[in-house]
Amino acid sequence: MQAIKHFLQFQDLTRDELEYIFKRAKIIKARFKGYETYHPLVDRTLAMIFEKQSTRTRLSFEAGMHQLGGSAIYLNTRDTQLGRGEPVEDAAQVISRMVDIVMIRTFEQHIIERFAAHSRVPVINGLTNEYHPCQIMADIFTFIEHHGCIRGKTVAWIGDSNNMCNTWLQAAVVLDFNVHVSTPQGYEVEPERAGLYDTSHYESFADPMEACRGADLVTTDVWTSMGFEAENEERVRDFQDWQVDADMMRVAARDALFMHCLPAHRGEEVAAEVIDGPQSVVWDEAENRLHTQKALMEYLLLGKVNE
């Protein structure tokens with residue numbers, strides 16, 4: 001029996017696997033745009049377990065599974081026995097006997113790791129405090145669409161060293177590109193938390209302008225992630241100089257792209273003229289969650305296909 005493959009961190013997939021998924025995402029997206037029916041996952045069921053709120057993650061997974069011919073079931077931990085203290089391990093044993101694949105959006109990474117360890121089916125990380133691998137997969141696919149291969153390129157991450165930043169750092173190692181990170185003092189990258197043991201693709205900058213200089217992609221996220229709302233006022237003060245603005249984009253490469261995983265706060269982490277400007281690809285990036293996740297689910301359930 002073939003071993004179950006999960007996608008809990010970006011580094012769970014190899015470069016070859018990711019390049020295959022990007023190729024499939026291109027094909028699947030073209031079929032979607034051409035209104036071509038493609039149902040490789042007929043009679044397959046996705047369970048979506050949410051402990052954190054979501055717009056793009058729920059919509060992209062639920063719509064994606066339906067578009068592939070399968071069905072999706074939404075479960076919120078407030079409405080299930082998980083919210084009443086049922087052990088994660090027990091829930092995994094039961095849920096994975098009833099569905100074909102599971103996506104979980106939760107807080108601590110160890111929760112999804114425990115679930116996967118007791119699951120009979122593939123488990124996908126829809127977001128944890130530590131990682132957001134599906135978003136970075138979509139971001140890289142978006143970069144490829146606009147500028148080709150990301151290998152050897154430079155990504156500037158401006159802001160908090162959060163789950164997005166951690167995942168960019170893992171992706172850089174797997175796909176061989178560079179990440180310039182600039183955070184306020186006290187919010188620096190923690191390599192161990194990022195699951196990063198190869199720092200050769202990562203450089204830290206105290207000055208966000210210098211991190212952006214020559215970058216092929218400039219990207220950021222909200223200053224206060226879910227679960228850190230109590231720190232919001234302090235973070236707004238600390239991050240004042242880390243707003244991605246037109247000056248930062250001017251020192252980046254001439255054709256540099258701007259990305260944001262959304263939702264965005266114009267006037268905080270990004271200036272309106274940047275996110276709504278000609279270098280911004282945030283709407284392509286948001287849509288591509290749908291197509292890359294369809295390619296991911298197809299791969300985890302069927303392996304490589306030649307259709």
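The one candidate from Leu46, Thr45, Ile95, Val102 that meets the side-chain contact (heavy atoms from CB on, under 4.5 Å) condition with Val121 is Val102.
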Requested in this report: List the steps, then state whether side-chain hydrogen bond (donor to acceptor under 3.5 Å, both in side chains) holds for Gln293 with Ser60.
Outcome: CA-CA 8 Å; Gln293 288 166 190; Ser60 57; 2.9 Å; yes

Report task. Kindly determine whether Val189 and Ser204 satisfy side chain to side chain contact (heavy atoms under 4.5 Å, CB included), including the steps that lead there. Result -> CA-CA 8 Å; Val189 169; Ser204 178; over 6 Å; no

Query raised in the report: Checking side-chain hydrogen bond (donor to acceptor under 3.5 Å, both in side chains) for the pair Glu145/Asn288: CA distance, chi angles, key distance, verdict?
Result: CA-CA 10 Å; Glu145 283 188 317; Asn288 282 335; 2.9 Å; yes

Query raised in the report: Given the rule in the salt bridge (Lys or Arg N to Asp or Glu O under 4.0 Å) test, do Glu51 and Arg105 qualify, once you have shown the distances and angles that lead to the verdict?
Result: CA-CA 6 Å; Glu51 192 171 14; Arg105 183 179 175 96; over 6 Å; no

Query - Steps toward side chain to side chain contact (heavy atoms under 4.5 Å, CB included) verdict (Val174, Thr14) - result: CA-CA 7 Å; Val174 177; Thr14 66; 5.8 Å; no

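Note: His291 and Phe32 meet the aromatic proximity criterion, with ring centroids under 6.0 Å apart. Between Phe239 and Tyr187, the distance from one ring center to the other falls under 6.0 angstrom.
From Thr142, atom OG1 reaches atom CZ of Arg289 across 10.5 Å, with rounding to the nearest 0.5 Å. Atom-to-atom distance recorded for Cys134:SG and Phe7:CZ is 5.5 Å, nearest 0.5 angstrom. Summarising the geometry, atom CD belonging to Glu285 is positioned 6.0 Å from atom OG1 belonging to Thr219; distances are rounded to the nearest 0.5 Å. If you take OG on Ser119 and CD1 on Ile4, they are separated by 6.0 Å, rounding to the nearest 0.5 Å. With rounding to the nearest 0.5 Å, the separation of CG in Asp100 from CG in Leu41 is 8.5 Å. Taking CD of Gln135 as the start and CG of Asn163 as the end, the distance is 9.5 Å to the nearest 0.5 Å.
Within the 4.5 Å cutoff, side-chain heavy atoms of Leu175 are placed close to those of Leu18. Counting heavy atoms from C-beta on, the side chains of Tyr299 and Tyr20 come closer than 4.5 Å.
Glu233 CD: 12 or fewer foreign heavy atoms inside a 6.0 Å radius. Applying the 6.0 Å contact sphere to CG of Asp43 captures no more than 12 heavy atoms from other residues, nucleotides or ligands.
The existence of a salt bridge linking Glu210 and Arg213 is confirmed by a sub-4.0 Å separation between a basic side-chain nitrogen and an acidic carboxylate oxygen. Using a 4.0 Å cut-off between a side-chain N of Lys or Arg and a carboxylate O of Asp or Glu, Glu89 and Arg114 qualify as a salt bridge. Electrostatic pairing of Arg235 and Asp238 does not count as a salt bridge here, judged by no charged N lying under 4.0 Å from a carboxylate O. Under a 4.0 Å N-O distance rule, the pair Lys304/Glu17 does not qualify as a salt bridge.
Across Asp12 and His6, no two heavy atoms sit closer than the pair CB-O, 3.7 Å. In terms of heavy-atom proximity, Val274 sits nearest to Asp245 at CG2-C, 3.4 Å. For Thr167 against His132, the heavy-atom pair with the smallest separation is OG1-N, 2.9 Å. Closest approach of Met248 to Gln243, counting heavy atoms only: CE-O, 3.1 Å. Across every non-hydrogen atom of Lys29 and Glu287, the tightest pair is CE-OE2, 3.7 Å. Pairing each heavy atom of Asp284 with each of His146, the nearest pair is OD2-NE2, 2.9 Å.
For the pair Arg31 and Tyr38, the cation-pi criterion (under 6.0 Å, within 45° of the ring axis) is fulfilled. Cation-pi geometry between Lys153 and Phe143 is not met: the NZ or CZ atom fails to fall both under 6.0 Å from the ring centre and inside 45° of the normal. A cation-pi arrangement is found for Arg58 relative to Tyr74, the charged atom lying closer than 6.0 Å to the ring centre and inside a 45° cone about the ring normal.
With sequence neighbours excluded, the residues forming a salt bridge (Lys or Arg N to Asp or Glu O under 4.0 Å) with Arg151 are Asp176, listed by chain and number. When the side chain to side chain donor-acceptor pair (under 3.5 Å) test is applied to Lys23, no partner is found at least two apart in sequence or on another chain.
Between the side chains of Ser182 and Trp242, at least one donor N or O lies within less than 3.5 Å of an accepting N or O. Using a 3.5 Å distance cut-off with no hydrogens or angles, the side chains of Lys52 and Asn76 do not pair a donor with an acceptor. When only modelled atom types and interatomic distance are considered, Thr183 and Glu188 share no side-chain donor-acceptor pair under 3.5 Å.
Without hydrogens or angle criteria, Ser54 side chain to Thr57 main chain gives a donor-acceptor distance under 3.5 Å. The backbone N or O of Ala91 lies less than 3.5 Å from no partner atom in the side chain of His118, so there is not a single donor-acceptor pair. Side chain of Glu62 to main chain of Ala72: no donor-acceptor pair is present (N/O by atom type, distance under 3.5 Å, no hydrogens or angles). For the pair Gln279 (side chain) and Leu257 (backbone), a donor-acceptor distance under 3.5 Å is absent.
Taking hydrophobic clusters as Ile, Leu, Val, Met, Phe, Trp and Tyr residues chained together by side-chain heavy-atom distances below 4.5 Å, Val281 shares a cluster with Leu217. By the rule that hydrophobic residues join a cluster once side-chain heavy atoms approach within less than 4.5 Å of another member, Val173 and Val181 end up as members of one cluster.
The aromatic rings of Phe22 and Phe141 lie parallel to each other, with less than 30° between the two planes, well short of the 60° mark.
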